[in-house]
Every structure is written in C-alpha cells, then in structure tokens.
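Every chain is numbered from 1, with letters handed out A, B, ... down the list of sequences. Note that the structure is predicted; figures quoted are calculated from it, not measured.
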Amino acid sequence: MTRVTAAPPSEYVEQVLDVVDAIPPGRVMSYGMVAEVVRERTGSGSARTVGAVMARYGSAVPWHRVVASDGRLPPGHEDEATRRLRAEGVGFRGVKVAMDAARWWPGDPA
DNA sequence: ACTATGACCAGCG
DNA sequence: ACGCTGGCCATAG
C-alpha cells in the first residue's frame with residue numbers, strides 16, 4: 001500500500017544496496033569496487049557517491065563488509081565493524097582489514 | 001535549478 | 001607513514 005516516500009530510493013540506490021547485500025560473510029569490498037560494479041549497471045556512480053548512499057541507507061545492508069580501499073573502516077563505526085568482521089573471520093592488519101586476503105568481487109567464489 | 005556536502009580514491013611531496 | 005589536492009557524482013536543503 002501507500003508506503004512512505006519521504007526519501008524514495010532511486011534506482012541507483014537500489015543497485016548499490018543490491019551489490020553490498022551480495023557480499024558473502026568473511027569477505028569485503030571497497031567503496032570504489034562497489035562503485036565500479038554499479039557503474040556497469042547504471043552507467044554512473046563513483047566511490048564517493050557509494051559512500052553517500054551507505055551513509056543514508058547503509059543500515060539496510062551488511063554495511064560492515066564495505067570498507068575503504070586501504071582497509072580502513074567507516075568513521076564512527078570502526079568499533080562495530082571490527083567486531084563483526086572479526087567474528088566472520090576477516091583478517092586484520094593492525095586496525096585495518098587485510099584487503100589482500102578479504103577482497104571479493106561478484107562472481108568470485110566465496 | 002543551484003550550491004554544499006561527503007562512511008572515497010589515487011597521486012604527489 | 002602523513003598531509004594535501006583534484007576529481008568524482010548522488011543526496012539534501
């Protein structure tokens with residue numbers, strides 16, 4: 001029925017959330033990687049816009065599996081993200097995620 | 001319609 | 001390792 005549309009999720013937003021939701025446990029993708037995949041579908045987007053979408057709609061998806069390209073965790077949620085990722089078996093290198101081992105692309109084996 | 005903002009990224013000093 | 005710069009483009013006001 002009439003659903004609230006105070007902030008109607010655009011097609012772009014849906015695609016971003018879809019990609020993030022597909023990341024398997026124990027693996028991660030960077031904002032830039034997500035942006036690239038979404039760009040193949042919608043034809044537009046960038047790492048920065050993905051970050052903007054996550055900030056607004058991230059709560060609906062496993063946001064902790066999206067990290068910065070160098071393995072840093074999202075500002076303000078580092079604690080939470082670290083806990084969840086460790087629980088999934090993601091490797092760490094200091095406070096950062098070990099991207100070389102955890103990085104995942106759609107189509108790759110989980 | 002326009003401006004400002006930002007959970008980014010790669011390059012450079 | 002650290003800070004700064006330019007480019008990126010959807011969202012919000």
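With respect to V38(A), the side-chain contact (heavy atoms from CB on, under 4.5 Å) criterion is satisfied by exactly one of Q15(A), E14(A), M33(A): Q15(A). Of the candidates L85(A), T82(A), I23(A), H64(A) forms a side-chain contact (heavy atoms from CB on, under 4.5 Å) with just one, namely L85(A).
Contact check, S30(A) against dC8(B): no side-chain N or O comes under 4.0 Å of OP1 or OP2.
One can place CD of E36(A) at 14 Å from C1' of dC8(C), the figure rounded to the nearest angstrom. Rounded to whole angstrom, the span from the CD atom of Q15(A) across to the P atom of dA10(C) amounts to 13 Å. Rounded to whole Å, the distance from CD on E11(A) to C1' on dT11(C) is 16 Å. Note: CZ (R103(A)) to P (dC9(B)) measures 13 Å, nearest angstrom. Rounded to an integer number of Å, the gap from R72(A) CZ to dC9(B) P is 8 Å. Whole-Å rounding puts the L17(A) CG to dA10(C) P distance at 15 Å. Straight-line distance from the CG atom of D70(A) to the P atom of dC8(B): 10 Å, rounded to whole Å. When rounded to the nearest whole Å, the span between CE of M54(A) and P of dC9(C) equals 19 Å.
Comparing dA7(B), dC9(B), dT11(C) against the side chain of S10(A) picks out dT11(C) as the nearest. Of all nucleotides listed (dT11(C), dC8(B), dA10(B)), dC8(B) comes nearest to the side chain of P75(A). Of the candidate nucleotides dA10(B), dA12(C), dA7(B), dA10(B) has the atom nearest to the side chain of S69(A).
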Does the pair V20(A) and Y31(A) meet the rule for a side-chain contact (heavy atoms from CB on, under 4.5 Å), with working shown? CA-CA 10 Å; V20(A) 174; Y31(A) 296 93; over 6 Å; no
Please evaluate residues V66(A) and M54(A) with respect to the criterion side-chain contact (heavy atoms from CB on, under 4.5 Å), reporting the C-alpha separation (whole Å), side-chain torsions for both, the decisive distance (0.1 Å), and the verdict. CA-CA 9 Å; V66(A) 182; M54(A) 291 302 288; 4.2 Å; yes
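At a threshold of 4.0 angstrom between heavy atoms, the contacts of A55(A) include nucleobase atoms, whether or not backbone atoms are also involved. If you check every strand for non-hydrogen atoms under 4.0 Å, Y31(A) touches a base.
At most 12 non-hydrogen atoms from other residues, nucleotides or ligands lie less than 6.0 angstrom from CD of E36(A). Annotation: R41(A), atom CZ; neighbour count of heavy atoms from other residues, nucleotides and ligands within 6.0 Å is above 12. The number of heavy atoms from other shown groups lying within 6.0 Å of CG (D108(A)) is above 12.
Remark: R39(A), S44(A), G45(A), S46(A), R48(A), T49(A) in residues 39-50 of chain A come within less than 4.0 Å of DNA chain C through at least one heavy atom.
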